[in-house]
Amino acid sequence: MTWFSKAPSLKHLGTLHGIGSLSIDNGGQSLGSVRYEIDGYLDRARRSANGRIQGDVAVLARAFRAGAATIALTGGPSVNIVLSDPQGGPSAEVDVSGRFPL
């Protein structure tokens, strides 16, 4: 049997963390501040990013119900996210649903 040595296909691009402003309606309605930690990855030619945000329980629940949200990151760009159900807690998992600045 022949084994082919391949480099791992998943590469960690880095982590962004800080405090940002969470909004819904394409940035039209600000909900408040959240703490975020989001990791970016490259799998062959596909980029992805996910992580966790923490904030006020009511703010996270409202963003989850909206279906999509935006976080204005510390020092610049905004990222579009989709929240998992925070289940009444102060934190939620997020998936970035667009460009990620790493």
### Task
Identify, with sequence neighbours excluded, every residue that meets side-chain hydrogen bond (donor to acceptor under 3.5 Å, both in side chains) alongside D43.
S9
### Task
Go through the structure and list residues passing side chain to side chain contact (heavy atoms under 4.5 Å, CB included) with R99, not counting sequence neighbours.
none
### Query
Which residues satisfy the salt bridge (charged side-chain N to carboxylate O under 4.0 Å, His left out) test with R52, sequence neighbours excluded?
E93
#### Entry: Partner of D95 by side chain to side chain contact (heavy atoms under 4.5 Å, CB included), out of I81, N50, I38
N50
Distance-only criterion, 3.5 Å: show the donor-acceptor pairs between side-chain atoms of residues 17-26 and protein atoms not counting sequence neighbours.
none

### Query
Who are the side-chain hydrogen bond (donor to acceptor under 3.5 Å, both in side chains) partners of T74, not counting sequence neighbours?
Y36
### Task
Would you mind reporting whether D56 and P90 have side-chain heavy atoms less than 4.5 Å apart?
no
#### Entry: Single-linkage hydrophobic cluster L73~L13, side-chain heavy atoms < 4.5 angstrom
yes
### Message
I need the full list of ring pair (Phe, Tyr, Trp, His ring centres under 6.0 Å) pairs touching residues 58-79, with sequence neighbours left out, sorted by first then second residue.
### Response
none
### Message
With side-chain hydrogen bond (donor to acceptor under 3.5 Å, both in side chains) as the rule and sequence neighbours excluded, what pairs involving residues 78-90 come up?
### Response
T70-N80
### Message
Can you list everything that forms a side-chain hydrogen bond (donor to acceptor under 3.5 Å, both in side chains) with D39? Sequence neighbours excluded, please.
### Response
H12, T15
#### Entry: Qualifying ring pair (Phe, Tyr, Trp, His ring centres under 6.0 Å) pairs with a residue from residues 65-102, counting only residues at least two apart or across chains
none
### Task
Name all residues meeting the side chain to side chain contact (heavy atoms under 4.5 Å, CB included) criterion together with R46; count only those two or more places apart in sequence or in a different chain, and write none if there are none.
S48
### Query
Looking only at heavy atoms, what is the nearest atom pair of A92 and P86, with distance?
CB-CB, 4.1 Å
### Query
If you group Ile, Leu, Val, Met, Phe, Trp and Tyr by side-chain heavy-atom gaps below 4.5 Å, do L102 and V79 land in one group?
yes
### Message
L10 vs R44, test: side-chain contact (heavy atoms from CB on, under 4.5 Å). Steps then yes/no.
### Response
CA-CA 7 Å; L10 185 64; R44 294 187 176 88; over 6 Å; no
### Task
Could you list the residues that satisfy salt bridge (charged side-chain N to carboxylate O under 4.0 Å, His left out) with E37, not counting sequence neighbours?
none
## Note on the structure
Residue pairs meeting ring pair (Phe, Tyr, Trp, His ring centres under 6.0 Å), one or both in residues 66-99, sequence neighbours left out, come to none
### Task
Dump the intermediate steps for side-chain contact (heavy atoms from CB on, under 4.5 Å) on V94 and I71, then the final yes or no.
CA-CA 11 Å; V94 296; I71 299 176; 5.5 Å; no
#### Entry: Q54 vs L60 side-chain heavy atoms within contact, under 4.5 Å
no
